[in-house]
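See below for the structure under consideration.
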Amino acid sequence: MKVRKLPFLFIAVLCFSALANEGGAPKFKEHNVLLSHGPFTTKIHLTSEQLKNSEAWKNLMQKQLSEKANFAGHYRLYISGKGELPKDCGVNGWVCGWVVDKETGTVVSELPSFNGNTKYYSTIDNGTPSPDLFSAEFYPNSNLIWISGENIPESKVGNISLGDKKCSNSAYLFNNNSFHNVFEGECEIDTGG
């Protein structure tokens, strides 16, 4: 009897397909929520800590109440980028996000914490774009969010070393105004080979 050797890549693809088909990675349709069309509040209500944020941030959060719900039924998820909120998020490669409850007018959460930080880092030290830029996939009628990106611990933001950075493709469920990690996978980096 002859035994054929399968290429490693083919075996890896088969293993990944088998895991994906067993339901390991959550799907949006498995986490549907009822999409609300209001009525919604028109005034943002900020905590004493949130009142310390920049005027630009406060204006953006207020504006979210006039936009359609885009996440988990009656929430508005706002994601900043490209240094748009330097006081609140950082400059250049930092990405931040906040969840606004359109029913209560409160900012209930930041993006999920990953590697000790809720602010995601999307550039390499010298300003070169990272091969794994931040991305988020979410829908108005689902409380599931997939986030892919790099992060460093908040305590090391000013002193970044390569070993501090972590990248992940993660899924979170948003329940009771907080994110709960339900799946985590490594980022795939295309090395061009």
Side-chain angles (χ1 to χ4, degrees), residues 8-9 11-33 70-72 75-86 88-100 107-193:
F8 175 74
L9 181 59
I11 293 170
V13 169
L14 281 177
C15 291
F16 178 76
S17 296
L19 288 173
N21 289 334
E22 288 179 15
K27 297 171 182 56
F28 290 101
K29 65 182 178 180
E30 297 167 346
H31 300 283
N32 282 337
V33 296
N70 67 354
F71 179 58
Y75 295 92
R76 181 80 187 165
L77 177 56
Y78 179 81
I79 298 176
S80 74
K82 300 186 182 185
E84 128 184 66
L85 295 168
D88 311 289
C89 185
V91 294
N92 300 325
W94 290 98
V95 177
C96 299
W98 297 270
V99 179
V100 178
V107 181
V108 296
S109 181
E110 293 182 70
L111 286 175
S113 179
F114 165 65
N115 197 21
N117 202 349
T118 59
K119 299 172 183 172
Y120 290 75
Y121 187 72
S122 62
T123 59
I124 296 172
D125 290 321
N126 64 4
T128 305
S130 168
D132 294 300
L133 295 174
F134 175 87
S135 68
E137 185 176 2
F138 54 92
Y139 296 96
N141 64 339
S142 178
N143 67 338
L144 177 69
I145 183 172
W146 274 93
I147 294 181
S148 178
E150 245 180 8
N151 218 341
I152 60 170
E154 190 170 25
S155 62
K156 305 233 177 169
V157 166
N159 188 14
I160 301 169
S161 73
L162 224 49
D164 297 327
K165 292 182 188 178
K166 290 194 174 138
C167 188
S168 178
N169 291 312
S170 300
Y172 300 87
L173 284 179
F174 186 73
N175 290 315
N176 299 318
N177 292 338
S178 63
F179 289 100
H180 307 277
N181 184 274
V182 293
F183 182 88
E184 193 164 310
E186 293 184 18
C187 289
E188 295 179 22
I189 298 174
D190 182 1
T191 58

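Owing to the predicted nature of the structure, the values given are computational and were not obtained by experimental measurement. Quick note: numbers below take in every heavy atom, side chains included, and nothing from hydrogens, waters or symmetry partners.
- Between Ser80 and Trp98, some side-chain heavy-atom pair lies under the 4.5 Å cut-off.
- Contact between Asn181 and Glu184 at its shortest, heavy atoms only, is ND2-OE1, 3.6 Å.
- By the 4.5 Å heavy-atom criterion applied to side chains, Pro112 and Ile147 are counted as neighbours.
- Between Ser148 and Ser135, some side-chain heavy-atom pair lies under the 4.5 Å cut-off.
- Among all heavy-atom pairs drawn from Glu137 and Phe28, the shortest one is O-CZ, 3.4 Å.
- Rounding to the nearest 0.5 angstrom, the gap separating the CG atom in Leu173 from the CD atom in Glu30 is 10.0 Å.
- Here the closest non-hydrogen pair linking Asp88 and Cys96 is O-SG, 4.4 Å.
- Remark: Ser168 OG to Phe114 CZ distance equals 4.5 Å, nearest 0.5 Å.
- Atom NZ of Lys27 sits about 12.5 Å away from atom OG of Ser142, to the nearest 0.5 Å.
- Ring centroids of Phe174 and Tyr75 are separated by less than 6.0 Å, placing the two rings close together.
- Asn175 contributes atom CG, which lies 10.5 Å from atom CG of Leu144 (distance to the nearest 0.5 angstrom).
- Looking at Tyr120 and Ile79, their side chains never come closer than 4.5 Å, going by heavy atoms from C-beta outward.
- In this structure, the side chains of Ser109 and Asn177 stay at 4.5 Å or more apart for every pair of heavy atoms.
- Aromatic ring orientation, Tyr172 versus Phe179: perpendicular (interplanar angle above 60°, classes split at 30° and 60°).
- Residues Lys166 and Asn151 form no side-chain contact, since every pair of their non-hydrogen atoms from C-beta on lies 4.5 Å or further apart.
- For the pair Pro26 and Trp146, the minimum side-chain heavy-atom distance is below 4.5 Å.
- When atom types are taken as modelled, the side chain of Asn117 and the backbone of Ile152 share a donor-acceptor pair closer than 3.5 angstrom.
- The shortest side-chain heavy-atom distance between Leu77 and Leu111 falls under the 4.5 Å cut-off.
- Here the CZ atom belonging to Phe71 is positioned 6.5 Å from the CG atom belonging to Asn143, to the nearest 0.5 angstrom.
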